[in-house]
There are 2 protein chains.
Amino acid sequence: MSDKIFVSAEEVARKAGVSRSAVSRAFTAGASIAPETRRKVMEAAEALGYHVNHLARGLMRNESGIVCLVVSDMGTPYRSALIKALTQQLQNAGKIAMIVNTDRSDERVDMALRQAIRYRADASIVLSGMPDKSLVDLCVRNGQRLVLINRDDEHQGPLRINLDEEDTAQSVVTAFLRAGCRRLAFANSEAGTPSLMAREVGFVAVAREQGLDVTVERFGPTGYESGKVLAQRLMTRRERPDAVFCVTDLVALGFMDAARHQFSLSIPQDLCVVGFDDIPQAAWNSYDLTTFSQPIEEIATAAVAWLMSDDVGQSQSLRLNAPFVWRRSVRSA
Amino acid sequence: MSDKIFVSAEEVARKAGVSRSAVSRAFTAGASIAPETRRKVMEAAEALGYHVNHLARGLMRNESGIVCLVVSDMGTPYRSALIKALTQQLQNAGKIAMIVNTDRSDERVDMALRQAIRYRADASIVLSGMPDKSLVDLCVRNGQRLVLINRDDEHQGPLRINLDEEDTAQSVVTAFLRAGCRRLAFANSEAGTPSLMAREVGFVAVAREQGLDVTVERFGPTGYESGKVLAQRLMTRRERPDAVFCVTDLVALGFMDAARHQFSLSIPQDLCVVGFDDIPQAAWNSYDLTTFSQPIEEIATAAVAWLMSDDVGQSQSLRLNAPFVWRRSVRSA
DNA sequence: ACCACTCTTGCACGGCTTTGCAAACTTCTT
DNA sequence: AAGAAGTTTGCAAAGCCGTGCAAGAGTGGT
């Protein structure tokens, strides 16, 4: 390997006939430098292929420009869409995203935060799993911003972004009732994430208020395959449900496929289905799934805005709305 | 903000009653240090919440541990799966992934590589777009490894990973012929990426060898919606095709949905469809799409292996196989 | 011609780590 | 008990950049 390695500010300075500090200033917005000097520096830099070393800059400024995204299941439509939005917005804000994949083992979330600390990330955004309290404290103590998305727990310090699912259950139950459904079911995974569990609990509660019982089934990870299994379980019951609320779109799509292809049911005639997330596939013609739309852009905007703002300590908990999206998987009145 | 900020090796050294270099060695694998000393250091570090500053370490070692992923359309199933595999494997190799989102504007790929240089990334992996030749040279000259995935062009220096699609066209044409199809079509996007165009050209060529003509249609970006439009265009032709090879699974799925729901065609009875990528959705019951499987894990493994190896300069161009996956969207003999 | 100002620029230090080198310490041999 | 051989440790330099400070350059007024 031709270990010439990178060009340093020193060399640029020599070539431009100025001091090294001049080079530094040329690349610092708002620094006191004559336009002419800056031009000379930029020219020399361009010629040599110089690029400011952000590692060193981060060292000095105590601000690396790195934001760490902690995430699992990133092959999933919802997760990948969120990552996309976040990286985009971070870049617009002049930051850069570092990704830590925490697939399998929750303990890896802690490793991820450690990694973020090592690289002196300005902030971390946790999309999956649940970091240990002590780690969260460590981050905060180190002046690192922390955003927890859809992990509603009771940590202090970080910004917590959650969905306001107050009306969710109400909307679904109302829709099912209006469609004439009476035998309700909830299809959940076994992940047990707080937000997923809250969805189940809320739905069951509202249904009960209306005097309806809900059959709850839980199985496997939160994905398409689990949806199929859940359909097999629910549709072979004595009292076959005529409406099912699936914890997630992926689950709902698996459910629909099994209901149609294995049980020859028509949707929405024989069965009404509602999902959650509004992933692109939910809108595909084969499914046309009624669901709730995750406000992905808003989440990303809020997260980035918060971690760019100077005044920490302001509103620490944010609730966003997931609008109901009417499609054809539920009979209309 | 409580600007205590991060703990430094200095403080750990003081607390452990050793020198600063001892702390450094304690955190360096294979360094010459007494077990007892290391224990003392680790204890003090744990107590203070010390973490090695990778920015400074990278500065010294001339090896940041960062690998930059340059990608657009990361919300897409294929891309996100690839990112997932890459981040995973990079982590296993002790590296960390930095993501640069290059959605819209190809010029952004250059910005991305610049960003990679600024952070002194050990390597960059380009999944989308086409970097400018001068930038590639700059990276290589700076000792940065570069991997180009599915961007078959003629750059020198970087590792190029491409699919061997020699047999692809042959397989598809054979399958269509065996299914009794005679009016072939190719549904392409307007993206014009080399690998996508190669697919089209290869298919047309092989079909022609067999004495069959291919209707080629191109439209929009490479996605589900374009597939629908392409179906509308191809299916309203005088000579309606009875078999279509879609440049991508997403296009194929859109095509299928439009064919079924807008033209009431049955697949595979009235129309045979083949896609490319084998995204999870292709296996969903509603589609059951015959396609080619992108060897995602192999790609990731090869990329990471190459950028970890000491001897650069070895095999610079790699061709992997995308196995044919038989499903139900093509009639069997 | 001189002074008061403002704008630029260079010096030198600081931020945090790694590592070559030589000194200090162990351990063991003879 | 002294010396050889091997380990461990601290010192100091190096890696690259940002910035306070003070000196220098330029401007304009009188």
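Letters go in sequence order (proteins before strands), and every chain restarts at 1. FYI, side chains are in, hydrogens and waters are out, and symmetry mates aren't considered; it's all heavy atoms of this structure.
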Answer yes when [X] and [Y] have at least one side-chain N-carboxylate O distance shorter than 4.0 Å, and no when they do not.
X	Y	result
Glu36(B)	Lys40(B)	no
Glu11(B)	Lys15(B)	no
Lys133(A)	Asp137(A)	yes

Could you walk me through whether Met74(B) and Leu69(B) pass side-chain contact (heavy atoms from CB on, under 4.5 Å), step by step? CA-CA 11 Å; Met74(B) 65 175 93; Leu69(B) 266 39; over 6 Å; no

Send over the distance from [X] [atom1] to [N] [atom2], rounded to a whole Å.
X	N	atom1	atom2	result
Glu10(B)	dG14(C)	CD	P	13 Å
Lys40(B)	dT8(D)	NZ	P	13 Å
Glu36(B)	dC25(C)	CD	C1'	15 Å
Phe27(A)	dG18(D)	CZ	P	9 Å
Ile33(B)	dT9(D)	CD1	P	6 Å
Glu63(A)	dG14(C)	CD	P	22 Å
Arg39(B)	dT8(D)	CZ	P	15 Å
Leu55(B)	dC17(D)	CG	C1'	12 Å

Just to verify, which of Val71(B), Val147(B), Val304(B) counts as forming a side chain to side chain contact (heavy atoms under 4.5 Å, CB included) with Ile125(B)?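 Output: one option passes, namely Val147(B).
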
For the helix from dA1(C)-dT30(D) to dT30(C)-dA1(D), what angle lies between the axis at the first five pairs and the axis at the last five pairs, to 10 degrees?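 Computed from the C1' atoms at both ends, the axes differ by 40°.
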
Can a donor-acceptor pair be found, under 3.5 Å and without considering hydrogens, that links the side chain of [X] to the backbone of [Y]?
X	Y	value
Asp122(B)	Gly65(B)	yes
Asn142(A)	Gln144(A)	no
Asp277(B)	Gln294(B)	no
Arg79(B)	Ser80(A)	no

Please tell me which of the listed nucleotides, dT9(C), dT19(D), dT8(D), lies nearest to the side chain of Ala34(A)?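 My answer, after comparing the listed nucleotides, is dT9(C).
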
Which nucleotides of nucleotides 11-16 of chain D have their base under 4.0 Å from a protein heavy atom (B), which only their sugar-phosphate (S), and which neither (-), written as one string 5' to 3'? B--BBB

